[in-house]
Every structure is written in structure tokens, then in C-alpha cells.
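For reference, the structure discussed in these notes is given below.
Here is the naming used below: chain letters follow the sequence lines, and residue numbers restart at 1 for every chain. It should be emphasised that the depicted structure is a prediction, and the values quoted were computed from it without experimental measurement.
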Protein chains: 2
Amino acid sequence: MFHMKRKSTAGDAAPTEAGEPFRLEAFLPYRLSVTANRMSRAFARAYAERFGLSIPEWRVMAVLGTGGPLTAAAIVERTAMDKVKVSRAVAALEAKGFLARRPHPEDRRSALLELAGPGIEVFRAIVPLARALEAELTAVLGPEDRALLSSLLARLDAHLAGLGDLALDAGDPG
Amino acid sequence: MFHMKRKSTAGDAAPTEAGEPFRLEAFLPYRLSVTANRMSRAFARAYAERFGLSIPEWRVMAVLGTGGPLTAAAIVERTAMDKVKVSRAVAALEAKGFLARRPHPEDRRSALLELAGPGIEVFRAIVPLARALEAELTAVLGPEDRALLSSLLARLDAHLAGLGDLALDAGDPG
DNA sequence: GGAATGATGTTTCATATGAAACGAAAGTCA
DNA sequence: TGACTTTCGTTTCATATGAAACATCATTCC
């Protein structure tokens with residue numbers, strides 16, 4: 001049989017060509033997931049060993065450490081984490097005395113959160129270590145490829161976030 | 001201007017520069033994790049809705065569908081999944097009649113696994129859909145950027161796998 | 001051969017996750 | 001005002017995860 005009709009447009013000089021046997025290693029969702037998990041595991045271990053923090057906790061600290069006081073909803077937005085996860089991370093950090101809640105002046109359901117006490121110094125200590133570990137783990141890529149990867153991921157992520165919940169099946173979003 | 005030595009056009013040259021305030025969005029492990037999770041969620045939903053498969057189950061089918069009969073250990077190797085996860089995925093697929101176990105001729109602890117019955121047709125049906133969804137979700141990147149991303153991830157992943165468990169912190173090769 | 005050690009795959013158990021239900025507080029509308 | 005609807009954050013619950021213990025078979029070394 002002839003395999004004609006290939007290369008329909010730019011869209012299909014694709015990740016995996018239609019006639020070929022399927023290879024998991026060349027499948028982008030797989031690649032992405034495996035690499036991200038490896039990376040996450042390394043960081044999770046480092047944070048846990050040195051600071052007793054989970055990744056969600058570290059992320060909350062990361063946004064609180066740079067942005068001012070934030071509500072939980074704002075943290076959800078900036079960390080791209082589930083609100084349940086944020087709620088639990090905040091509770092854990094509060095229990096450790098790493099952050100403080102202050103009543104929100106305009107909404108009694110909510111609270112303003114910010115780093116406090118030991119949390120402030122831990123944040124200062126963690127940032128350079130996180131950067132160093134990032135540098136070590138991504139050492140194979142030079143600075144340029146690292147930047148390239150980051151920018152590709154950002155573009156892809158924005159697209160995925162745009163697709164959002166809609167149209168993942170059924171309709172053709174375009 | 002004077003100190004425009006390396007303005008961030010195509011992204012920051014270094015992962016995160018030492019003097020700057022920490023930005024989670026520019027932190028590669030974060031980017032990677034968020035993007036991978038979004039992608040995974042989309043696929044998980046698609047596989048579940050259309051075929052009643054989890055991602056681990058789909059991955060096992062993916063390697064069995066192309067490679068011949070494999071042992072569980074071989075599947076672990078090729079899918080980069082935990083052996084517990086593989087064990088459970090295999091059990092689930094067997095319960096659905098999607099794969100068959102055959103005693104391993106040279107090792108009575110092990111078994112040879114291969115797609116069977118409905119599993120074969122489901123595999124054939126799923127591959128083009130997986131490819132189509134991949135294409136849709138990565139549509140923002142052109143074919144070239146997609147290939148680039150894939151190759152960057154592969155390099156990074158190989159490096160991470162190389163670091164393995166060792167040397168992530170000071171040194172306890174255990 | 002037969003103990004000691006190693007490999008294979010399953011089960012146990014403690015933790016992590018997020019969808020959905022929830023109470024409390026705003027916001028909306030008549 | 002007094003119903004409604006919506007939003008904020010927490011809690012519940014059912015599921016997913018993997019480290020460690022396990023049973024089973026294989027291999028090594030004496």
C-alpha cells in the first residue's frame with residue numbers, strides 16, 4: 001500500500017508519524033511526565049531532607065517570599081496548585097510557625113498570609129540552594145538550551161491552560 | 001545603556017540569576033511540573049473517557065503493543081514506572097481481558113505478558129487518537145519546536161537518570 | 001547438596017491527591 | 001428586608017502512590 005496523504009500541512013510533520021510503530025519514548029506527554037517526575041523527586045528529597053518541606057509547602061513559601069501578603073486564592077493562582085493542596089500547605093506552614101494569617105480587612109471568609117518568624121530565614125536560605133540544585137540538575141543543557149526549554153515549556157503551558165477544560169474531546173477548537 | 005550585557009530576550013540566560021528576586025514561573029522544575037501535569041490530566045481524561053484506561057495501563061499497553069511479549073521487569077524498564085505501578089496496571093489489564101500471561105519458560109517467578117483479545121483492537125484504536133491529541137495539545141509549537149522540546153527533554157532526562165540516586169546531596173551512596 | 005544471597009512480582013501500609021460536599025460570608029435582586 | 005446565588009477556604013471520602021515487607025524462585029559459593 002502507498003502511504004500517500006502524508007504531510008497534510010505543517011501540523012503533521014509530527015511527533016510520531018502515522019505509519020510508524022508507536023514508540024512511547026518519542027511520545028511527548030510521556031517524555032514530559034517522566035522528566036518532570038524525575039526532577040520533582042530530586043527536589044522533593046532535597047527540600048524534605050534539608051528543610052522538612054514538601055513541594056507544595058515550598059511553592060507557597062516561594063510566592064509569599066517574593067510577593068507581599070496574599071490570600072489563599074491568590075496563591076492558588078500563582079502556584080497553579082489545587083486549592084485543597086494550597087489549603088493544606090498553608091496549614092502545615094502555619095503549624096511550623098513559618099507563616100502568619102491576618103484577617104482580611106474586606107472579607108471575613110478570607111485571610112492574608114505572609115511569611116513569619118523562621119519562615120523568613122528559611123526562605124532566604126532555600127532560594128540559593130534551589131537555584132544551585134536547578135543548575136546541577138540541568139547542567140547538561142547549557143544556559144541557552146535551558147532558556148530555550150523554559151520558553152518552550154512556557155508556550156506549551158500557556159496553550160494548554162488556554163484549552164483549559166473545554167474542548168478536549170468532541171469539538172475541534174481549531 | 002551600559003549594563004545590558006545580556007538582556008533577557010529569548011529567556012533568561014541563567015535559570016535564575018543570583019541577585020534577582022526569586023520567580024517561581026521562571027524556575028525550571030516548576031515549569032516542567034506544571035506543564036507535565038496539565039498535559040497528563042488531559043490525556044488521563046481522554047483515555048479514561050474513551051477506553052476506561054488509566055495512564056499506567058495505557059503505558060503498559062503501549063509497550064506491549066509494539067514490543068513482543070515482555071516480562072514485568074522489562075515493562076518497568078521501558079515505561080520508567082515503578083514496579084508496583086506496573087504490577088497493578090498489569091493486574092487491571094488482565095482483569096479486563098486486555099492482556100494474557102504466559103509462564104516464563106526459564107523462570108517460574110516471572111511471566112510473559114502480551115496483549116490479547118480486545119486489548120489488541122483497543123491498542124490499534126488508541127494509537128491514532130493518542131497521536132491526534134498530542135498534536136492538538138502541542139499545536140502552538142510548530143513541528144520543529146516540538147522536536148526541539150522533545151530532544152531537550154530527552155537530554156535532560158538522560159542526565160537526571162544518570163545522576164540517579166547518587167550525589168543528589170552531599171554523599172551517601174548507600 | 002545446601003546455606004546464603006539475589007532477583008521477581010505482590011501485598012501492606014502510610015501518605016498524597018483532588019472531586020465533591022460543606023459552613024460561613026459576600027453579593028444580587030426584588 | 002429576605003430569599004437566592006456565588007465565592008472562600010476547609011473537610012470528607014475514595015483513589016493513587018511508592019517504600020518496605022513479603023513469598024517465591026534462582027543463583028552463588030562452599
Distance in angstrom units between A:L113 CG and D:dG9 P, rounded | 8 Å

Sub-4.0 Å heavy-atom contacts from residues 92-109 of chain A onto DNA chain D, ordered by number | A:R101, A:R109

Interatomic distance where CD1 belongs to B:I55 and P belongs to C:dT17 [whole Å] | 16 Å

Please examine the side chains of B:V90 and B:V86, heavy atoms only from C-beta on, and report whether any two atoms are closer than 4.5 Å.
-> yes

Flag for A:S150-B:R31: side-chain donor and acceptor within less than 3.5 Å | no

Does D:dG18 have OP1 or OP2 sitting under 4.0 Å from an N or O in the side chain of B:K83?
-> no

Mind checking whether A:L115 and A:V76 sit in one hydrophobic cluster, side chains of I, L, V, M, F, W, Y counted as touching below 4.5 Å?
-> yes

Quick check, are the ring centers of B:W58 and A:F22 under 6.0 angstrom apart?
-> yes

If we ignore angles and hydrogens, is there a donor and acceptor under 3.5 Å between the side chains of B:S54 and B:R88?
-> no

Let me know the distance between CZ of A:R41 and P of C:dA16, rounded to the nearest Å.
-> 16 Å

Can a side chain N or O of B:S110 be found less than 4.0 Å away from OP1 or OP2 on C:dT8?
-> no

When the aromatic ring centroids of A:F43 and B:Y30 are compared, is their separation below 6.0 Å?
-> no

For the pair made of CG in A:D82 and C1' in D:dA16, what is the distance, rounded to whole Å?
-> 15 Å

Spacing of A:M81 atom CE relative to C:dA16 atom P, expressed in whole Å = 14 Å

Report the nucleotide, chosen from C:dT17, D:dG18, C:dG9, that has the shortest atom-to-atom distance to any side-chain atom of A:K85.
-> C:dT17

Does A:N37 or A:T71 map to a spot on DNA chain D nearer the 5' end, using the closest nucleotide for each?
-> A:T71

What is the distance from CZ of A:R88 to C1' of D:dT11, rounded to the nearest Å?
-> 9 Å

